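Only one structure is covered here, and it is reproduced in the block below.
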Amino acid sequence: MEKPFDKVDGVVSTTSGYSGGKIEGPSYRQVANHQTEHIEAIRIVYDPAKVDYEKLLGVFWRNIDPTQADGQFCDRGHQYTSAVFYGTASEKAQAEASREKIAAQLGEKVVTDIRPASVFWEAEDYHQDFYRTNPQRYTSYRKGCGRDKRLEELWGRSRR
């Protein structure tokens, strides 16, 4: 999820990590082994003078399958479920309104959770900027996992 946000003018940084769980400082192994209740997440730092929260929500929705309850694409399990973490009442309202709009647009139930932001734990270095540091593996994974095909089915060729 870093790549689509890194392309947005006004996004200062993206960081892969974990949020929403019960223990401090989880490792990927702990999260993947269902020991923490965390989900994989990204922290997005952005300049609100250049990009607004609503635009970021639009990028988010068009890069996930909001109808898939058991993970994302070929990745299955709680740690891969989709969620929007909000920091303010305004962000919560915008996220809920955008979820309703997406559900109406798709004509399907949207299962993406809207949650209050909780502690974000940065993932290990090898998770950061994976699309840049391992471009062949990243591209192969996306294709093999059916991600791009499913995104095109949901959103059409223009997703951003």
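What's counted below: heavy atoms across the whole structure, side chains too, no hydrogens, waters or symmetry copies. Model, not experiment: these values are computed from the prediction.
Using a 4.5 Å heavy-atom threshold, the side chains of Gln68 and Val111 count as separate. Contact check for Gln35 versus Arg29: no side-chain heavy atoms found under the 4.5 Å cut-off. Side-chain contact between Phe73 and Asp148: absent, with no pair of heavy atoms (C-beta onward) separated by less than 4.5 Å. Within the 4.5 Å cutoff, no side-chain heavy atoms of Phe85 are placed close to those of Ile42. In this structure the side chain of Glu24 reaches within 4.5 angstrom of the side chain of Trp121, judged on heavy atoms. In this structure, the side chains of Ser16 and Glu2 come closer than 4.5 Å at one or more pairs of heavy atoms. By the 4.5 Å heavy-atom criterion applied to side chains, Thr67 and Lys109 are not counted as neighbours. The shortest distance between side-chain heavy atoms of Phe5 and Tyr46 does not fall below 4.5 Å.
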In sequence, state the C-alpha distance, the side-chain angles, and the governing distance for Glu96 and Arg99, and then conclude on side-chain contact (heavy atoms from CB on, under 4.5 Å).
CA-CA 5 Å; Glu96 289 173 342; Arg99 180 175 60 186; 4.2 Å; yes

side-chain contact (heavy atoms from CB on, under 4.5 Å) assessment of Thr15 paired with Gln128
CA-CA 6 Å; Thr15 306; Gln128 306 304 327; 3.6 Å; yes

Run Trp61 and Val110 through side-chain contact (heavy atoms from CB on, under 4.5 Å) and show every step you take.
CA-CA 10 Å; Trp61 292 119; Val110 170; 4.0 Å; yes

Going through the distances and angles, do Tyr53 and Val84 end up as a side-chain contact (heavy atoms from CB on, under 4.5 Å)?
CA-CA 11 Å; Tyr53 189 68; Val84 174; 3.5 Å; yes

Audit row: Tyr138, Arg142, side chain to side chain donor-acceptor pair (under 3.5 Å) steps and yes/no:
CA-CA 6 Å; Tyr138 173 79; Arg142 284 184 69 104; 2.8 Å; yes

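By the rule that hydrophobic residues join a cluster once side-chain heavy atoms approach within less than 4.5 Å of another member, Tyr131 and Val12 end up as members of separate clusters. By the rule that hydrophobic residues join a cluster once side-chain heavy atoms approach within less than 4.5 Å of another member, Leu154 and Val59 end up as members of one cluster. Transitive grouping of hydrophobic side chains (ILVMFWY, heavy atoms separated by less than 4.5 Å) brings Leu106 and Phe60 into a common cluster. By the rule that hydrophobic residues join a cluster once side-chain heavy atoms approach within less than 4.5 Å of another member, Tyr141 and Leu151 end up as members of separate clusters.
Using modelled atom types, one side-chain atom of Arg147 and one backbone atom of Asn63 make a donor-acceptor pair closer than 3.5 Å. Counting only distance, with no hydrogens or angles, the side chain of Ser140 and the backbone of Gln136 share no donor-acceptor pair below 3.5 Å.
Taking both residues in full, the closest heavy atoms of Thr81 and Ala69 are given as CG2-O, 3.4 Å, listed atom of the first, atom of the second, then distance. Counting all heavy atoms, side chain and backbone alike, Pro135 lies closest to Thr133 at CD-C, 3.5 Å. Across Val11 and Val51, no two heavy atoms sit closer than the pair N-CG1, 4.3 Å. Heavy-atom minimum distance, Ser118 versus Ser19: OG-OG, 3.1 Å. Contact between Gly25 and Gln30 at its shortest, heavy atoms only, is O-OE1, 4.1 Å.
Atom CG in Leu57 sits 7.5 Å away from atom CD1 in Ile114 (nearest 0.5 Å). Distance NZ/Lys22 to NE2/His38: 10.0 Å, rounded to 0.5 Å. Ile64 CD1 to Met1 CE: the interatomic distance, rounded to the nearest 0.5 Å, is 6.5 Å. Taking CG from Leu56 and CD from Glu54, the interatomic distance works out to 10.0 Å, rounded to the nearest 0.5 Å.
For Arg137, the CZ atom is loosely surrounded, since the number of other residues' heavy atoms within 6.0 Å does not exceed 12.
We find that Arg150 and Glu153 are joined by a salt bridge, their nearest charged nitrogen and carboxylate oxygen being less than 4.0 Å apart.
For residues 112-133, the pairs satisfying salt bridge (charged side-chain N to carboxylate O under 4.0 Å, His left out) are Asp6-Arg132, Arg43-Glu122, Asp113-Arg115, Asp129-Arg132, with sequence neighbours left out. Listed by first then second residue, pairs satisfying ring pair (Phe, Tyr, Trp, His ring centres under 6.0 Å) with a partner in residues 14-34 read Tyr28-His127, not counting sequence neighbours.
In summary, the side chains of Gln94 and Ser98 do not present any donor paired with an acceptor at a separation below 3.5 Å, with no hydrogens or angles considered.
Remark: Glu91 engages no residue in a side-chain hydrogen bond (donor to acceptor under 3.5 Å, both in side chains) (not counting sequence neighbours).
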